[in-house]
Amino acid sequence: MQLVLGSQSPRRRELLRQLGLDFTVRAADLDESKYETDDPEQTVRATCAAKARAVAAVSEPGELILTSDTIVVLDGRIMGKPHSPAEAEAMLTALSGRTHRVYTAFTLLPVGGEAQTECAHTEVRFRSLSPAEIRAYVASGEPMDKAGAYGIQGLGAVLVEGITGDYFTVMGLPLCHVALRLRDYGVEVLREDGR
């Protein structure tokens, strides 16, 4: 099957390339706010599955759609991507010195078939941040397209004191889980022929 990544995220493209997979990118335009609920896991699962259905609707038989969705949750409150630098500063101030949870769901959907959605979560502990550090990080521009206003794989790494769980879940694609599920569709990540 031809793998299609239903995401414009450069991080997700990079992670799939890291696995040595051949894929094309075809993201759908979707109003993600329609899928928000009080349950974080239900929210990421529903959003992710909706993304997959939207991409499948403009895809061909023989293609396998992979979508993913990530949210940051603190005290039961979902933190999406900030809409302004001020909102990014507010998010980072709330996360400072605290532990939060990152949920990432992914869906695999063969065109014309049934979707399979899974969700993973990881606990992330921030060190205490000064207002000046928060302003400097926001000024870097990195927080603006990321859930919770930070990217663990970039400059945001200096904010994170520790994690409990899977690092790649925080990056936006739980690679171990994805690789195991891809096997169900005949896509092997670790092959004896090395290709």
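Just so you know, these numbers come straight off a predicted model, no measurement behind them.
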- request: Sort and list the pairs that fulfil salt bridge (charged side-chain N to carboxylate O under 4.0 Å, His left out) and have at least one residue in residues 163-173, not counting sequence neighbours.
  value: none
- prompt: Is a donor on one side and an acceptor on the other found under 3.5 Å between the side chain of Gln18 and the backbone of Glu14?
  reply: no
statement: Quick note, ring pair (Phe, Tyr, Trp, His ring centres under 6.0 Å) partners involving residues 159-183, not counting sequence neighbours, are none
field: Set of side-chain hydrogen bond (donor to acceptor under 3.5 Å, both in side chains) partners for Arg26, sequence neighbours left out
entry: Ser59, Glu63
field: Between Thr104 and Thr169: side-chain donor-acceptor atoms closer than 3.5 Å
entry: no
query: Taking atom OG1 of Thr99 and atom CG of Leu74, what is their separation to the nearest 0.5 Å?
result: 9.0 Å
- request: Compare all side-chain heavy atoms of Leu64 with those of Leu108 and state whether any distance is below 4.5 angstrom.
  value: yes
- prompt: Is the side chain of Ser140 donor-acceptor paired with the backbone N or O of Tyr137 at a distance under 3.5 Å, no angle test?
  reply: yes
- prompt: Ignoring hydrogens and geometry, is there a side-chain-to-backbone donor-acceptor pair from Ser128 to Ser96 under 3.5 Å?
  reply: no
task: Hey, could you give me the OG1/CG distance between Thr107 and Asp69, rounded to the nearest 0.5 Å?
output: 9.0 Å
- request: Please confirm whether the backbone N or O of Ser68 pairs with a side-chain atom of Lys51, one donor and one acceptor, at under 3.5 Å?
  value: yes
- request: State plainly whether the residues Glu89 and Arg135 are in salt-bridge range, i.e. N to O under 4.0 Å.
  value: no
task: State which residue, out of Val178, Leu175, Leu21, fulfils the side chain to side chain contact (heavy atoms under 4.5 Å, CB included) condition with Leu15.
output: Leu175
message: So, taking the atom named CD1 in Ile134 and the one named CG in Leu129, what distance separates them when rounded to the nearest 0.5 Å?
response: 5.0 Å
query: Quick one: does Thr117's side chain have a donor or acceptor within less than 3.5 Å of a partner on Arg45's backbone?
result: no
message: For the backbone of Gly172 and the side chain of Arg11, can you confirm whether one donor and one acceptor N or O come within less than 3.5 Å of each other?
response: no
task: Would you indicate whether the side-chain heavy atoms of Val44 and Thr70 approach each other to under 4.5 Å?
output: no
- prompt: Between Glu142 and Lys146, is there a side-chain N and carboxylate O pair less than 4.0 Å apart?
  reply: no
- prompt: To the nearest 0.5 Å, what is the distance between CG (Leu159) and CZ (Arg125)?
  reply: 13.5 Å
query: Can you tell me how far the CG atom of Asp145 sits from the CD atom of Gln8, to the nearest 0.5 Å?
result: 12.0 Å
- prompt: Salt bridge check: are Glu133 and Arg127 linked by an N-O gap of less than 4.0 Å?
  reply: yes
salt_bridge(Arg98, Asp75) N-O dist < 4.0 Å: yes
- prompt: In a check of side chain to side chain contact (heavy atoms under 4.5 Å, CB included) between Glu123 and each of Thr164, Val170, Ile163, which one passes?
  reply: Thr164
task: Report the distance from atom CG of Leu182 to atom CG of Leu66, rounding to the nearest 0.5 Å.
output: 6.5 Å
Thr43 side-chain N/O to Thr37 backbone N/O, donor-acceptor pair under 3.5 Å: yes
